[in-house]
Amino acid sequence: MDEQFILRVPPSVAERLDRLLSESENASSSDDKSLDLSFSEDGKSGTFVIGNDHFPASLLDLPCVVESYKTYDDSVLIKTADVGQMIMVREAGDDTPDVVEYRHGLTPPMRDARKRRFRREPDLNPELVQRVLKDLVKIHAGAAAENVDAEAAEQEEDVDGSVRNASKKPVPAPVVKADAPEVGTNAGEPDRSDSDESDDSI
């Protein structure tokens, strides 16, 4: 099972990582050869080590899922994973984030994404929500709800009763009119088809 995450580091660390990944093993400096990432027991805070330098790191949830792709021919993209978390490496003097979810996305258009781009939650009264929830549980259990309007219930019963009575009514038989001529009793000429009207002079 392939798991992916995003590693966001300060610019100085990014240069060292880029140099470490691009150079060959023999050409890379001995100071940056060691690379380590360890987390504490809570799984949210840890330490990122490159060379002899230690940086604090935090595991944060992204405000939305990011899809990652790979390609073999620089033409066709193949989706590899849905990334939902990011490891943020900070400088030693930076403050530790006190939130679990990162406020911004990965790109500038996703800045403050939840506030600007996601649908706002409706402003509902918690007591009303709890009352409706209790009524739904009672209805599901087969009992009557407490906050149902009696008049509305009577109207529903009347409608249901009229629908039931309407379904029980017998279907009336079709009425035959006395003035209408019976089918197949033409007193005049018999019906002529198109073949009768054709020209016999040929």
Side-chain angles (χ1 to χ4, degrees), residues 1-140:
M1 189 71 181
D2 187 18
E3 295 183 2
Q4 299 183 11
F5 60 88
I6 295 171
L7 180 66
R8 175 169 281 185
V9 296
S12 59
V13 179
E15 293 175 1
R16 295 169 65 178
L17 277 175
D18 188 30
R19 191 166 54 247
L20 179 64
L21 295 174
S22 61
E23 295 177 355
S24 63
E25 185 177 351
N26 296 329
S28 60
S29 61
S30 59
D31 295 338
D32 290 345
K33 277 188 177 180
S34 61
L35 192 66
D36 187 29
L37 178 64
S38 59
F39 281 92
S40 58
E41 294 180 359
D42 62 353
K44 292 295 182 181
S45 59
T47 305
F48 178 76
V49 180
I50 180 169
N52 296 325
D53 298 329
H54 296 253
F55 298 92
S58 299
L59 180 65
L60 302 174
D61 295 337
L62 292 171
C64 60
V65 174
V66 179
E67 297 178 346
S68 66
Y69 296 85
K70 67 180 178 181
T71 180
Y72 295 105
D73 55 1
D74 294 332
S75 177
V76 178
L77 295 176
I78 302 170
K79 181 179 175 181
T80 56
D82 289 326
V83 183
Q85 291 182 317
M86 171 181 64
I87 297 177
M88 178 176 282
V89 179
R90 307 180 309 275
E91 296 286 353
D94 294 345
D95 296 333
T96 305
D98 56 351
V99 293
V100 178
E101 183 179 83
Y102 186 57
R103 181 178 176 185
H104 311 295
L106 300 178
T107 57
M110 291 298 291
R111 183 171 182 81
D112 204 3
R114 283 203 176 273
K115 185 175 180 182
R116 296 192 309 112
R117 295 187 173 268
F118 291 177
R119 181 184 298 172
R120 292 184 178 87
E121 295 181 358
D123 187 15
L124 296 175
N125 185 3
E127 296 178 359
L128 176 63
V129 174
Q130 289 294 329
R131 194 162 59 240
V132 172
L133 181 62
K134 289 179 181 177
D135 288 343
L136 289 174
V137 170
K138 288 182 179 179
I139 291 171
H140 183 68

Please check if the side chain of T80 supplies one atom and the backbone of S68 the other of a donor-acceptor pair under 3.5 Å.
-> yes
Can you tell if the side chain of L60 reaches within under 4.5 Å of the side chain of R103, non-hydrogen atoms only?
-> no
Can you name the ring-ring contact (aromatic ring centres under 6.0 Å, His included) partners of H54, sequence neighbours left out?
-> none
Can you name the closest pair of heavy atoms from P10 and R90 and give their distance?
-> CG-C, 4.2 Å
Here the pair of heavy atoms bringing R16 nearest to I50 is NH2-O, 3.3 Å
Do S75 and D73 meet the criterion of a side-chain donor-acceptor pair at a distance under 3.5 Å?
-> no
Sequence neighbours left out, what passes ring-ring contact (aromatic ring centres under 6.0 Å, His included) with Y102? Give chain and number order.
-> H104
Taking atom CG of L136 and atom NZ of K138, what is their separation to the nearest 0.5 Å?
-> 11.5 Å
Using a 4.5 Å cut-off on heavy atoms from C-beta on, say whether the side chain of L106 contacts that of M86.
-> yes
Would a 4.5 Å heavy-atom cut-off, applied to side chains only, mark L17 and L35 as touching?
-> yes
Which atom pair, heavy atoms only, marks the closest approach of V83 to Q85?
-> CG1-O, 3.5 Å
Between CG of L62 and CG of D82, what distance do you get to the nearest 0.5 Å?
-> 11.5 Å
F39 versus I87: any side-chain heavy-atom pair under 4.5 Å?
-> yes
Y69 atom OH: more than 12 heavy-atom contacts under 6.0 Å | yes
Should we count CG of D123 as having more than 12 external heavy atoms under 6.0 Å?
-> no
P56 versus A92, closest heavy-atom pair with distance | CD-CA, 4.0 Å
Return yes if some donor-acceptor pair links the side-chain N/O of T71 with the main-chain N/O of L77 below 3.5 Å, else return no.
-> no
Drop me the distance from K44's NZ to L59's CG, to the nearest 0.5 angstrom.
-> 5.0 Å
Specify the closest pair of heavy atoms between V49 and G51, including all atoms of both residues, with the distance to one decimal.
-> CG1-O, 3.7 Å
Could you check if a side-chain atom of F48 sits within less than 4.5 angstrom of a side-chain atom of D53, using non-hydrogen atoms only?
-> no
